[in-house]
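Take this structure, written in structure tokens, and hold onto it; I'll ask about it next.
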Amino acid sequence: MPEAKTKDAIALLKDDHRTVEDLFAQFEKASGDGRKQKLARQICLELSVHAAIEEEIFYPACEGKVDDDLLKESYVEHDAAKVMIAEIMAGEGAGDDFFDAKVKVLQEEIEHHVEEEEKRMEGLFAQARKAGLDMDSLGEQLAARKQELAATYEASGVPKPELTAMEGVSV
Ligand SMILES: [Fe+2]
Ligand SMILES: [Fe+2]
């Protein structure tokens, strides 16, 4: 049997985006507190792993090779999403009157962020591709780290997110 070919970095990250979009779509249609709770937990897990591998591997590789403002915005958008993820994970779940609204706002934040990454021509991924990053090697690194983090988070839960660009003030 031929060896499974590793995905290139952008294909891997885009697949993650599609996975999360699908989970959000399922959440929108879901009924029942248990089901919604389970989907929200899965969304938070997928997004936490995805943000971590981008910030540990992909974004640093983009440093100095893509528009710096766009890259900085990406970190801040991740942090904004992490705040919402922490809120969703720490709350009472489906018993919270604002639970559905929080998941919806997280979905909207992610849709915007994914658009900034995937936009044709000027998006972060397009710029990284144009700059000639080694997408095969990055894809291998991302896949390995993703597997490792997903296993840890599934076994012991999603850790409280760490903010990268924001101060994490409490209001
Ligand atoms: Fe992404
Ligand atoms: Fe991202």
Side-chain angles (χ1 to χ4, degrees), residues 5-28 39-89 102-154 157-168:
K5 200 178 167 298
T6 15
K7 266 181 260 173
D8 110 332
I10 292 176
L12 182 146
L13 295 173
K14 281 185 171 177
D15 279 0
D16 280 0
H17 294 167
R18 301 294 87 78
T19 299
V20 174
E21 280 165 8
D22 182 58
L23 287 167
F24 277 122
Q26 287 184 50
F27 184 92
E28 278 184 316
L39 283 165
R41 217 178 292 131
Q42 191 62 27
I43 288 167
C44 290
L45 187 142
E46 296 282 345
L47 284 175
S48 299
V49 173
H50 182 78
I53 62 173
E54 281 187 340
E55 289 190 29
E56 286 178 21
I57 298 161
F58 192 76
Y59 289 1
C62 289
E63 209 84 46
K65 306 244 163 63
V66 302
D67 178 49
D68 191 49
D69 290 343
L70 182 64
L71 189 57
K72 285 207 169 82
E73 282 169 37
S74 301
Y75 283 110
V76 176
E77 286 172 1
H78 275 198
D79 277 2
K82 287 179 214 165
V83 169
M84 194 62 80
I85 287 167
E87 177 69 31
I88 290 167
M89 289 192 313
K102 287 170 187 171
V103 174
K104 182 74 196 167
V105 171
L106 177 63
Q107 179 180 10
E108 287 166 354
E109 287 178 351
I110 296 301
E111 276 167 8
H112 167 80
H113 179 70
V114 163
E115 167 76 11
E116 300 262 288
E117 290 186 338
E118 293 193 19
K119 213 184 295 166
R120 286 171 69 87
M121 313 294 284
E122 76 258 43
L124 187 76
F125 292 172
Q127 290 189 31
R129 175 88 73 199
K130 207 170 153 210
L133 297 192
D134 184 346
M135 296 302 176
D136 288 333
S137 154
L138 285 169
E140 267 175 43
Q141 295 172 55
L142 288 166
R145 185 66 177 135
K146 182 181 166 181
Q147 207 178 25
E148 195 175 52
L149 281 175
T152 311
Y153 292 4
E154 265 155 33
V158 181
K160 198 168 176 288
E162 274 175 38
L163 300 178
T164 306
M166 304 214 292
E167 303 292 343

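Counting convention: from 1, in listed order, for ligands and their atoms alike. Each residue takes its place number in the sequence, starting with 1.
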Do any N/O/S atoms of Y59 come under 2.8 Å of the Fe ion (ligand 2)? yes
Would you say the side chains of E148 and T152 form a donor-acceptor pair under 3.5 Å?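 Not at all, the side chains of E148 and T152 share no donor-acceptor pair under 3.5 Å.
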How is the N/O/S atom of E54 that comes nearest to the Fe ion (ligand 1) named? OE2
Between K146 and I53, the two heavy atoms sitting closest are N-CG2, 3.8 Å
Verify the distance test for H50 against the Fe ion (ligand 2): any N/O/S atom under 2.8 Å, yes or no.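 Here the distance criterion (N, O or S atom, under 2.8 Å) is not met by H50, so no.
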Could you identify the N, O or S atom of H78 positioned closest to the Fe ion (ligand 2)? NE2
Specify whether H17 and F125 have parallel, tilted or perpendicular ring planes, treating 30° as the upper limit for parallel and 60° as the lower limit for perpendicular. parallel
Taking side-chain contact (heavy atoms from CB on, under 4.5 Å) as the criterion, tell me which of L149, I43, V158 meets it with S48.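 Checked L149, I43, V158 against S48; only one passes side-chain contact (heavy atoms from CB on, under 4.5 Å): V158.
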Hey, mind stepping through E117 and H113 against side-chain hydrogen bond (donor to acceptor under 3.5 Å, both in side chains) and telling me if it holds? CA-CA 6 Å; E117 290 186 338; H113 179 70; 2.9 Å; yes
Have a look at H17 and say which of its N, O or S atoms is nearest the Fe ion (ligand 1). NE2
For N/O/S atoms only: which one belongs to E117 and is nearest the Fe ion (ligand 2)? OE2
